[in-house]
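All values derive from a computational prediction rather than experimental measurement.
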Amino acid sequence: YNQTNKMVRYFRFLDKIRLIEVSKHDALTNIENGDTGVQLLLNGQICHIANPDPHMSLAHFLQNDAIGLKGTRVACGEGGCGACTVMITKYHPGFGKIIAVPVNGCLVKLAGMNGIGITTIEGTLKRTFVDGKEVVSPNIISERLAKSFGFQCGYCTSGMTMSMYTKMTQCENPDEEKSPSDEYCTKSCGGCNSATIADIEDCLDGNLCRCTGYRPIAFVAASLGCDKSKEEKQVLFNKNFTTLSLEDYLKPWEGNNEIELYHQYLQDKGSHVVETQFNFFGSCYYSPISNEQLTNKITEIENDEHQSYRILGANVSSGLVDDYVNEEETTWMIDVKNIQENLSIVIENDSVILGAANTINESTQLLATVDEKLGTNTFFKDLGEYLHLIAGTQVRSGGTIAGNIATCRRKPFPSNAVLMLATSGASLELLYHEGLVPVLDYINDSENFDNEIIIKIHFPVPEDSRTYFHGDKLKE
């Protein structure tokens, strides 16, 4: 029954879909006139989808025949293999700038992409005109993977490409000259417009290749890194089998205009994020931008016995928890990742307050800025870096610490986030409960907190500035 229900919903979506590639003015006019739905920037084109199914993933939307972007593959469907990787571009109020991150298209919901820039493998193609005719060619990452035999079946290749493409995009800053201390860029790239080989290899920790082996993929990653000289790369080139010429292998990263394009989109759109609500055949989606709006909506739903709701951020936990009760019958999906007050970091004398809507990677970057201001050596930087042990880059770029904690309460698993928070003495600020709740109390108390929502995480500042934190992950 459930599978049939899903198929009915899918085909209803295809009948209902209204995807429009229009001018910016026309798209904005639709929203101003009260036309509900999702407006996003897809491969440089503004698209408006009226009342999408709240349960549909971004990957399945991209793959359907109405869109035709088949390069985003779905393999495991759990966020473990990275074949469905796409790049999303968004404005983050905590950083005060636009950031680009890789996410699993199989997990994130289309409904949650309102106002987001999305780039798929098709959007990385280079388009030039020769003798009046358009010539389409792959970007240098795809070309090097192809000519260096970095794939066999090719199913994972678009995801591999998008992970490296996103890492290189992260290291570009069109507004100002980038420095090594840039909060969202790699610390080790020395202020140049690229990333180190280790950075690029590290960004592939959420991508699996089951047939090639990773040596030719690492060979391509080395060609993009900024920490080897041309002579060192030439030695590497001579040791590997490739149909690339040495000149092509040594060409530096050519850059892209993804950040600039999204910046222009935001300027024309006039707002980074707005309250969103729509209805698809009785399944409703709601995205508040304040805790007050969230509280009011939950109260409204709870006052109607025929209504139910589920809280989600990036839906990453669905890759781990597969027993959400009657998800297809849930009448409201409430997306809390756009609540602005839960995306900040506040530094006080005795505590550091981190917004719980920040993703795991964003939390790592925000915590790294604290030590210099408090004079605490590398304590908070170490806390953030420990979160790097969680899953792969795509999951950390989409999932939140709050989601990790809440999932651990629902279905206990060895959570690095819970371990780090408990060790550091962190407490949780909840939407309804008065006062702070220690992390382990929240996890272990089976009688309370079932309907609570984590909104902030409070870290105590160590009394001794020489306090350090270190953790390892062992597999038995």
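Ring-plane geometry between Trp332 and Tyr286 is classed as perpendicular, the angle between the planes exceeding 60 degrees on a 0 to 90 degree scale with a lower cut at 30.
When only modelled atom types and interatomic distance are considered, Thr120 and Asn43 share a side-chain donor-acceptor pair under 3.5 Å. Side-chain N/O atoms of Asn238 and Gln234 include no donor and acceptor closer than 3.5 Å. Checked by atom type, the side-chain pair Thr378/Asp371 shows no donor-acceptor distance below 3.5 Å. Using modelled atom types and a 3.5 Å distance limit, the side chains of Ser223 and Arg144 yield a donor-acceptor pair. Judged purely by distance below 3.5 Å, without hydrogens or angles, the side chains of Asn240 and Ser148 never pair a donor atom with an acceptor atom.
In this structure a side-chain-to-backbone donor-acceptor pair under 3.5 Å is missing from Asn104 to Cys106. Formation of a donor-acceptor pair under 3.5 Å by the Asn139 side chain with backbone atoms of Ile141 is found in this model. Panel note: side chain Thr243, backbone Lys147; a donor-acceptor pair is recorded below 3.5 Å. Panel note: side chain Tyr214, backbone Cys209; a donor-acceptor pair is recorded below 3.5 Å. Counting only distance, with no hydrogens or angles, the side chain of Arg73 and the backbone of Gly154 share a donor-acceptor pair below 3.5 Å. Under the 3.5 Å distance criterion, the side-chain polar atoms of Asn51 are left unmatched by any main-chain donor or acceptor of Phe280. With hydrogens and angles ignored, the 3.5 Å screen pairs a side-chain donor or acceptor of Glu232 with a backbone N or O of Ser229. Checking side-chain atoms of Gln39 against main-chain N and O of His48 turns up no donor-acceptor pair under 3.5 Å.
Between Lys70 and Asp65, at least one side-chain N (NZ, or NE/NH1/NH2) sits under 4.0 Å from a carboxylate O, which counts as a salt bridge. A salt bridge links Asp335 to Lys337: at least one charged side-chain nitrogen sits closer than 4.0 Å to a carboxylate oxygen.
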Could you list the donor-acceptor pairs under 3.5 angstrom formed between side-chain atoms of residues 79-90 and any protein atom two or more places apart in sequence or on another chain?
| residue | atom | partner | partner atom | Å |
| --- | --- | --- | --- | --- |
| Thr85 | OG1 | Gly82 | O | 2.6 |
| Thr85 | OG1 | Gln394 | NE2 | 2.8 |
| Lys90 | NZ | Glu362 | OE2 | 2.9 |

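For Phe237, the ring-ring contact (aromatic ring centres under 6.0 Å, His included) partners are Tyr249, not counting sequence neighbours. With sequence neighbours excluded, the residues forming a salt bridge (Lys or Arg N to Asp or Glu O under 4.0 Å) with Glu385 are Lys381, listed by chain and number.
Side-chain atoms of Ile217 and Phe151, non-hydrogen and from C-beta on, never get closer than 4.5 Å to each other. Residues His92 and Asn358 form a side-chain contact, since some pair of their non-hydrogen atoms from C-beta on lies under 4.5 Å apart.
If you look at Phe241 and Phe149, their ring centroids are closer than 6.0 Å.
Here CD1 of Ile99 is found 11.5 Å from OG1 of Thr166. Values are rounded to the nearest 0.5 Å.
Other residues, nucleotides and ligands contribute at most 12 non-hydrogen atoms within 6.0 Å of the CD atom of Glu247.
Listed here is the closest heavy atom pair of Asn279 and Cys284: ND2-SG, 3.4 Å.
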